[in-house]
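Have a look at the structure below before the remarks.
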Protein chains: 2
Amino acid sequence: MSERPTGPRKSREARARKMPTMADVARRAGVSAMTVSRALKDKSAVTPETRDRIFQAVQDLGYVLDMSAGALSSKKTGFVSVLIPSLNNSNFSDTVQGISEILDTEGMQVLIGTTNYSRVREEQVIATMLQRRPEGIIVTGGTHTARARSMLETAGIPVIETWDLPVAPIGHVVGFSNAATIEDLMARLMFWGYRRVAFIEGEPGDDTRGHDRRTGYERAVRALGLERSCVISVGRPPVTVEHGAQAVVRLIETWPEVEAVICVSDLSALGAIMECHRRGWDVPGRLAVAGFGDFQVARHCWPSITTVSVGSLAIGQETGTLMLQAIAAMRAGTPLPPRRITIPHTVIERDSTARQPHPAETAPAP
Amino acid sequence: MSERPTGPRKSREARARKMPTMADVARRAGVSAMTVSRALKDKSAVTPETRDRIFQAVQDLGYVLDMSAGALSSKKTGFVSVLIPSLNNSNFSDTVQGISEILDTEGMQVLIGTTNYSRVREEQVIATMLQRRPEGIIVTGGTHTARARSMLETAGIPVIETWDLPVAPIGHVVGFSNAATIEDLMARLMFWGYRRVAFIEGEPGDDTRGHDRRTGYERAVRALGLERSCVISVGRPPVTVEHGAQAVVRLIETWPEVEAVICVSDLSALGAIMECHRRGWDVPGRLAVAGFGDFQVARHCWPSITTVSVGSLAIGQETGTLMLQAIAAMRAGTPLPPRRITIPHTVIERDSTARQPHPAETAPAP
DNA sequence: GGTCGGAATGGTATCGATAACATTTGATGC
DNA sequence: GCATCAAATGTTATCGATACCATTCCGACC
């Protein structure tokens, strides 16, 4: 009579068959399930002997804690959602890496969602993510659909916007001003003597960070009293190496007197430079080229690319740290007041804008 | 008397306050929770009118489905865990992208874990992942710690190993032979006339895929009856551009007569090439260089890099498709027999091994 | 008109862990 | 020696949704 002949969950039991539960462990260790739970979480509050007994039982049964059950009960899922435009951009994957590192230290886990540079897609991803009841959510950029924004505002969890400094943030912010980085870069180009500077971007659309950089360029042109501005838009984001190559050709046709060009990302800068190589246009002699993002190749390609480093990893680490604080505060019932952290950026001067000959041209051939 | 003055969950209720539940929606729509659940999942089995009423109530209340509760009840978490060495390697992030795309179509979500090229770390990540009760798990490579392997075997969910063709797989396999790719590349180098070929890798360790490629190199040297082999090991994985630069210098010192070198990844190939530039060694004239992985920069840098393309995205898509089948089969109670899918690879010939002068050297300067 | 059958919906038990409170145990103080 | 208190452990209710089975409803068919 210990077997229930026909339970309401027959097929369910049949399918899963084994998979020991916490109660099984408890029984085997001769304690209550609650004690097992305590032993598995914080070792304190449990006698070393019972702890050992419990761990032995866990071993014997091959028990694995079920966090989805725990999450339901404790209302702590241990998830933090992170939305980025694309995984294939090393800037963003660096940021995720930084976030992940920090959250790991508290046993929290990252749920990654990619929006493919689309705000509509972002909205969908947010909706999906919220169903997982993350304890915090991190989004890239400060521009979202109205519904996306409203979902984030009413989710009741800490929100961090990164890679931007929105005027009206939803919650916390960890970022920098995309416009300001390019203004700084422009100032440096002036300083190095360039006066006719163009800008290469992707086609306008949802890539607001790219658009902000363009804004920075235009502001700088005005502020510095330059003769003219010239923006070449090629390709839908994500902007690729190819796009840069196409754009630079169009640029030279459009404005033959151009001396330097800023590309919206290092990848398009690389494409531009390579196309110049192919066409025999010297870089930086004929055209100086600068990028954005300080990708690994920017440092190592030839000529190396002048760029703006924004500390993608640091953004992630700061974001992760802030998120941990915000979650702790939220759990304690005292939400953290919105914080705004600005990450410093640096203009890195390299060969692609140098006013002297290439290093390789002066190096002696062996 | 409808309010319970002191419940056992006082603080809990106080903290969360609102957050409507399915029961709230049901009440407002004048139906049972079960009907709400049905309406929110598959629209069939619910009258259009009630469906509308329910959706209206969802809107009004701002209700968001709680999948963690659903997961507990239905034993379907909708998660698939994916373990990769690093997010910053575009090969792996492409694979994740491919997996993600496919799983999205069935509403399943990816849980990403990075192992940092360490088997010990992999074991830890697997343990953590299994606590989330994923419905499937995808790992990179076919070499794991004993405990990791045993955890995967007893998890009771489909397992797919990728980026390799293990001799004794745990479950399914979607990959290619790393050794074979390099053997093919070696054959092509022979065909193009190179006889003195070296290999640049990272220091031996947990990067078994790198090690397999080296094995392929050594097998090819023997099979082709070459004069000698030469392996330069620099840097702990992940192998970087820097490592390639250091390695090529050591290579030239070690074996001045070397004609060509295969690098364990395109990144180190790039580093090697750039270092050659700096030192005035012509590529491919003085030294031909080939890489592995067909990274975006390999196609676009100068000279472009001869490499092996392994279809990272395709691996992901095939893996995702297989995983969906395996999960469907598992849910139906009929586990899929282990399957082994081989992804084709291609040797891509580019300028860095060309036997003729650089395109740029022959192009007319404008 | 009554029965049958399928579609729509409701009721109840349950998934597996944990919060809160209750209880036991052991040690300490006077 | 007994009271007191803290530490260790047990008990119960619950998190929010879903599986399963029961029930209702309505039209069709003989």
Side-chain angles (χ1 to χ4, degrees), chain A residues 4 6-27 29-51 53-54 58 61 63-78 131-133 331, chain B residues 4 6-27 29-51 53-54 58 61 63-78 131-133 331:
Chain A
R4 194 151 39 96
T6 58
R9 287 296 168 88
K10 183 167 43 181
S11 79
R12 202 184 253 192
E13 288 163 16
R15 187 197 307 148
R17 182 61 50 81
K18 33 207 166 187
M19 275 298 181
T21 164
M22 192 174 267
D24 298 327
V25 176
R27 203 169 311 123
V31 295
S32 75
M34 197 58 234
T35 305
V36 175
S37 174
R38 278 191 276 253
L40 261 46
K41 296 218 123 36
D42 83 279
K43 55 201 305 184
S44 77
V46 171
T47 293
E49 295 86 60
T50 50
R51 201 193 74 91
R53 208 139 31 87
I54 289 170
V58 167
L61 297 174
Y63 171 71
V64 177
L65 183 65
D66 185 337
M67 296 188 76
S68 46
L72 179 60
S73 175
S74 66
K75 290 181 151 308
K76 293 187 287 195
T77 57
Q131 299 192 345
R132 295 291 186 180
R133 293 287 187 274
R331 283 179 177 175
Chain B
R4 194 151 40 96
T6 58
R9 287 296 170 86
K10 183 168 39 181
S11 78
R12 205 185 251 190
E13 288 166 13
R15 189 195 304 147
R17 182 62 49 82
K18 33 206 166 190
M19 276 301 182
T21 161
M22 191 173 268
D24 298 324
V25 176
R27 202 168 313 120
V31 297
S32 75
M34 198 57 235
T35 305
V36 175
S37 174
R38 279 190 276 252
L40 262 47
K41 299 217 122 39
D42 77 278
K43 54 200 309 181
S44 77
V46 171
T47 291
E49 295 86 61
T50 50
R51 200 193 75 92
R53 210 142 27 90
I54 289 171
V58 166
L61 298 174
Y63 171 71
V64 178
L65 183 66
D66 185 337
M67 297 188 75
S68 46
L72 179 59
S73 176
S74 67
K75 290 181 153 305
K76 293 187 286 196
T77 58
Q131 299 193 348
R132 295 290 185 178
R133 294 288 188 274
R331 283 179 177 175

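Throughout, a chain's letter reflects where its sequence line sits, starting with A, and its residues are numbered from 1.
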- Item | Side-chain heavy atoms of A:Arg132 within contact of A:Thr77, under 4.5 Å |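 No, side chains not in contact.
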With no hydrogens and no angle check, is any side-chain donor or acceptor of [X] less than 3.5 Å from a backbone partner on [Y]?
X       : Y       : value
B:Thr47 : B:Glu49 : no
A:Thr50 : A:Val46 : no
A:Arg51 : A:Ala39 : no

- Query: Any idea which heavy atoms bring B:Ala33 and B:Ala26 closest together, and the distance?
  - Reply: N-CB, 3.5 Å
- Query: Any side-chain donor paired with an acceptor under 3.5 Å for B:Ser32 and B:Thr35?
  - Reply: yes
To the nearest Å, how far apart are [X] [atom1] and [N] [atom2]?
X       : N      : atom1 : atom2 : value
A:Glu49 : C:dT25 : CD    : P     : 16 Å
B:Arg27 : D:dG16 : CZ    : C1'   : 13 Å
A:Met34 : C:dA20 : CE    : P     : 10 Å
B:Lys41 : D:dG16 : NZ    : C1'   : 12 Å
B:Lys75 : D:dA17 : NZ    : C1'   : 14 Å
A:Asp66 : C:dG16 : CG    : P     : 7 Å
A:Met22 : D:dG10 : CE    : C1'   : 15 Å
A:Arg51 : D:dA8  : CZ    : C1'   : 15 Å

I want to check one thing: is the phosphate of [N], taken as OP1 and OP2, less than 4.0 Å away from some side-chain N or O of [X]?
X       : N      : answer
A:Ser37 : C:dT18 : yes
B:Ser32 : C:dG11 : no
B:Ser74 : D:dA17 : no

- Task: Describe, as an angle rounded to 10 degrees, how the axis at the first end of the helix from C:dG1-D:dC30 to C:dC30-D:dG1 is tilted relative to the axis at the last end, five pairs per end.
- Result: 40°
- Query: For B:Val64, what residues pass the side-chain contact (heavy atoms from CB on, under 4.5 Å) criterion, not counting sequence neighbours?
  - Reply: A:Leu130, A:Gln131, A:Arg133
- Is any N or O donor-acceptor pair between the side chain of B:Thr35 and the base of C:dT9 shorter than 3.5 Å?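 Side chain to base: no pair below 3.5 Å.
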- Under the 3.5 Å rule, do the base of D:dG16 and the side chain of A:Arg133 count as making a donor-acceptor pair? no
- Message: Both A:Ala69 and B:Pro48 contact DNA chain C. Which one's nearest nucleotide lies toward the 5' end?
- Response: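 By nearest-heavy-atom nucleotide position, the 5'-most residue is B:Pro48.
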- Message: What contact category does A:Val36 fall into here, base, sugar-phosphate, or nothing, at under 4.0 angstrom with non-hydrogen atoms?
- Response: nothing
- Task: Look at all strands and tell whether A:Ser68 reaches a base, only sugar-phosphate, or nothing, counting heavy atoms closer than 4.0 Å.
- Result: nothing
- Measure from the side-chain heavy atoms of B:Thr50 and tell me the nearest of C:dT18, D:dA17, C:dT9.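 Minimum distance to the B:Thr50 side chain belongs to C:dT9.
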- Choosing from C:dG10, C:dG16, C:dA19, which nucleotide comes nearest the side chain of B:Val31?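 Nearest to the side chain of B:Val31 among the choices is C:dG10.
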- When rounded to the nearest 0.5 angstrom, what is the spacing between CE in A:Met34 and CE in A:Met22?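 Between atom CE of A:Met34 and atom CE of A:Met22 there are 8.0 Å.
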